[in-house]
Amino acid sequence: MRLILLGPPGAGKGTQAARMVETYGIPQLSTGDMLRAAVQAKTPVGLKAKAVMEAGGLVSDDIVIGIVADRIGEPDARNGFILDGFPRTVAQAEALSTMLDSKALALDAVIELEVDQSLLIDRIMTRAAEAKANGQPVRKDDDPDVFKTRLAAYNRDTAVVAPYYRKHGLLRTIDGMQPIDAVTAAIDHVLTKG
Ligand code: AMP
């Protein structure tokens, strides 16, 4: 199964993707995680992406498309994947389509988690507090001001990606404000019963 999870930062994409990995046995391909790993390892991509990510902006399409092209070519992604945080622009969506076409592959569904943006800042602050309490590193971009920039980037560049997939008949929208288990059940329903 080849899937995309769409939704603003804090919508629950990462949480749901982790559950889908278990249920469907396909890997979660999070461009945010890949970029954070590149920043940590100080690779050329990481060095280019670091400042933009810390400011809450979008890393250039070329960089992100390149890492996704490499990643979906890896053996564990052969039977499917869940893209989390990609595509974030229509240019990325078009590049993905070209990549998949060239391998004679297609997307099965694009799942959009619809949320009330006014409540997202609280969610993000909770995520940061929980990470801290569990002794995990707190993401530098989980800060109220940077979060506002991330949300603005979403509304400017990424909100148009859902209509793009709706036009292609792939979009399934789910209420992301439900409790986590209910969102998981709704996703499973869409994927198994159509
Ligand atoms: P995320 O973990 O998905 O919230 O991503 C964290 C940050 O990584 C974003 O705020 C962007 O700076 C960058 N990023 C992740 N995915 C993409 C993408 N598809 N396009 C551009 N930038 C991205």
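Both backbone and side-chain heavy atoms feed into the values below; hydrogens, waters and symmetry mates do not. Both ligands and their constituent atoms are indexed starting at 1 by order of listing.
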Taking NZ, NE, NH1 and NH2 as the nitrogens, is one of them in R123 or D116 under 4.0 Å from a carboxylate oxygen of the other?
no
Number the atoms of ligand 1 from 1 as they appear, then name those within less than 4.0 Å of a heavy atom of T31, with their elements.
15 (C), 16 (N), 17 (C), 19 (N)
Side chains of I180 and Q16 in contact at under 4.5 Å (non-hydrogen atoms):
yes
Ligand 1 atoms nearer than 4.0 angstrom to some heavy atom of D141 are 6 (C)
Output yes when R71 and E74 qualify as a salt bridge under the 4.0 Å nitrogen-oxygen rule, no when they do not.
yes
Considering the heavy atoms of V64, write down every atom of ligand 1 situated less than 4.0 Å from one of them.
18 (C), 19 (N), 20 (N), 21 (C)
So, taking the atom named CG in L96 and the one named CG in D101, what distance separates them when rounded to the nearest 0.5 Å?
9.0 Å
How long is the straight-line distance from CD1 of I67 back to CG of D62, given to the nearest 0.5 Å?
12.0 Å
At a non-hydrogen distance cut-off of under 4.0 Å, which region of E54 contacts ligand 1 (side chain, backbone, both, or neither)?
neither
Write down the atom of I4, the atom of F86, and the distance for their closest heavy-atom approach.
CG2-O, 3.7 Å
Work out whether the distance between some heavy atom of R36 and some atom of ligand 1 is less than 4.0 Å.
yes
Atom 7 (C) of ligand 1: the protein heavy-atom neighbour that sits closest, reported with distance to 0.1 Å:
M53 CE, 3.9 Å
Closest heavy-atom pair and its distance - G56, A153:
O-CB, 4.2 Å
From G57, G32, P9 - option closest to atom 10 (O) of ligand 1 by heavy atom
G57
Considering only protein heavy atoms, which is closest to atom 4 (O) of ligand 1, and at what distance to one decimal place?
R139 NH2, 3.0 Å
Ignoring hydrogens, just give me the one of Q92, R150, K50, R88 whose non-hydrogen atom is nearest atom 1 (P) of ligand 1.
R88
Interatomic spacing from CD1 in I82 to CG in L5 - rounded to 0.5 Å:
7.0 Å
Using 0.5 Å steps for rounding, measure from the CG atom of D108 to the CG atom of L191.
8.5 Å
Tell me the contacting part of L35 for ligand 1: side chain, backbone, both, or neither, using a 4.0 Å heavy-atom threshold, strictly below.
side chain
Evaluate F86 for polar contact with ligand 1, using N/O atom pairs at a separation under 3.5 Å.
no
Is it the case that ligand 1 has an N or O less than 3.5 angstrom from some N or O of S30?
no
Heteroatom proximity flag, V59 to ligand 1, N/O under 3.5 Å:
yes
